[in-house]
Amino acid sequence: RSAGVSGTGEAGLAIPPPEPPPPPPVALVLGGAGSGRAALAAKAASELGWAHLSLESLPRELMEAGHPAGDVAGELLAAGKLLPQPVVLSLFKAAMEVRGAPGYLVDGLAASTSAVAAFEAEVSPVSAAVHIEVSSEALDRRLAAKDGDSWDYFEDVERDLDDDAL
């Protein structure tokens, strides 16, 4: 018999099957819009040689790869809908299957214990997590400095921050 094949060896001793390799490490980078989460995740992924999985770009990437998870997310986004948690999790899981990287930095998962627990149950165990908190004053400065239509919701963010203070 070849090495690593389960069965009976010499003297009738059972040879156990080989252990499956451990899953690659996964680190979550959590934080709100304007916190610098995406830049930190991209930089760390580059330094570590891991894949940066950004929820912002996964629907497009997976659609271009012809993956059904990307198609589902793309249809929802085209209809102006938010992605429900099961779709978000399917995007991360599909991206990990497609990329097969030695490790992953995940950017864009909701910063809640229930979201992290669901990620661990449905996608992969989490090796580490970083939660970036930014003061409302710093967030005001960061968002005001951004250029482009993607930051048109600044007034909504400010209103939400004010509402949270009530």
Side-chain angles (χ1 to χ4, degrees), residues 4-6 16-136 138-139 142-143 146 148-153 156-157 160-161 164:
V5 176
S6 62
E19 294 279 329
V26 174
L28 304 179
V29 182
L30 309 169
S35 66
R37 159 193 92 234
L40 175 66
K43 175 75 171 163
S46 175
E47 293 287 327
L48 294 168
W50 292 5
H52 173 209
L53 302 181
S54 172
L55 182 58
E56 184 178 321
S57 61
L58 286 181
R60 182 185 66 255
E61 289 176 22
L62 291 169
M63 282 174 56
E64 290 172 359
H67 198 285
D71 294 338
V72 169
E75 289 174 16
L76 289 168
L77 292 171
K81 299 184 185 227
L82 294 175
L83 299 179
Q85 185 172 336
V87 174
V88 168
L89 296 176
S90 72
L91 288 170
F92 285 123
K93 187 172 188 173
M96 291 171 78
E97 291 168 357
V98 169
R99 294 202 188 173
Y104 299 93
L105 274 137
V106 173
D107 157 29
L109 187 68
S112 69
T113 54
S114 62
V116 173
F119 183 93
E120 287 193 297
E122 300 293 324
V123 182
S124 177
V126 174
S127 306
V130 175
H131 184 215
I132 302 169
E133 292 188 34
V134 179
S135 70
S136 59
L139 186 59
R142 289 180 61 84
L143 291 177
K146 294 289 182 181
D149 294 337
S150 62
W151 297 100
D152 287 345
Y153 65 87
D156 294 336
V157 171
D160 292 344
L161 288 171
D164 289 343

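Numbering of residues begins at 1 and proceeds along the displayed sequence.
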Between Leu55 and Leu91, what is the shortest heavy-atom contact and its length?
-> CD1-CD1, 3.8 Å

Please collect all salt bridge (Lys or Arg N to Asp or Glu O under 4.0 Å) contacts where either partner lies in residues 84-95, sequence neighbours excluded, each pair once.
-> none

Give every residue pair that meets the side chain to side chain donor-acceptor pair (under 3.5 Å) criterion with at least one member in residues 29-47, sequence neighbours excluded.
-> Arg37-Asp107, Lys43-Glu47

Apply the test side-chain contact (heavy atoms from CB on, under 4.5 Å) to residues Val106 and Val26: give CA-CA distance (whole Å), side-chain angles for both, the deciding distance (0.1 Å), then the verdict.
-> CA-CA 7 Å; Val106 173; Val26 174; 3.8 Å; yes

For residues 109-119, which side-chain N or O atoms pair as donor and acceptor with protein atoms under 3.5 Å away, sequence neighbours left out?
unit_1	atom_1	unit_2	atom_2	d
Ser112	OG	Ser114	OG	3.3
Ser112	OG	Ala115	N	3.1

Kindly write out the residues that satisfy side-chain contact (heavy atoms from CB on, under 4.5 Å) with Pro68, not counting sequence neighbours, or none if the list is empty.
-> none

Can you find a pair of side-chain heavy atoms, one from Trp50 and one from Pro24, that are under 4.5 Å apart?
-> no

Taking only residues at least two apart or on different chains, which pairs with a member in residues 122-134 satisfy side chain to side chain donor-acceptor pair (under 3.5 Å)?
-> none

In this structure, CG of Leu77 is separated from CZ of Arg60 (nearest 0.5 Å) by 11.0 Å

Check: Val126 main-chain N/O paired with Glu120 side-chain donor or acceptor under 3.5 Å = yes

Taking only residues at least two apart or on different chains, which pairs with a member in residues 63-73 satisfy side chain to side chain donor-acceptor pair (under 3.5 Å)?
-> none

Return each pair, listed once, that meets salt bridge (Lys or Arg N to Asp or Glu O under 4.0 Å) where at least one residue sits in residues 21-32; pairs must be two or more places apart or across chains.
-> none

Would you list the atom pairs, donor with acceptor, under 3.5 Å between side chains in residues 95-105 and any protein atom, with sequence neighbours excluded?
unit_1	atom_1	unit_2	atom_2	d
Arg99	NH1	His52	O	3.1
Arg99	NH2	Glu61	OE1	2.4
Tyr104	OH	Met96	O	3.0
Tyr104	OH	Gly100	N	3.3
Tyr104	OH	Ala101	N	2.8

Considering residues at least two apart in sequence or located in another chain, which fulfil the side-chain contact (heavy atoms from CB on, under 4.5 Å) criterion with Leu76?
-> Val72, Lys81, Leu83, Pro84, Val87

Under a 4.5 Å cut-off applied to non-hydrogen side-chain atoms, are Leu28 and Val130 in contact?
-> no

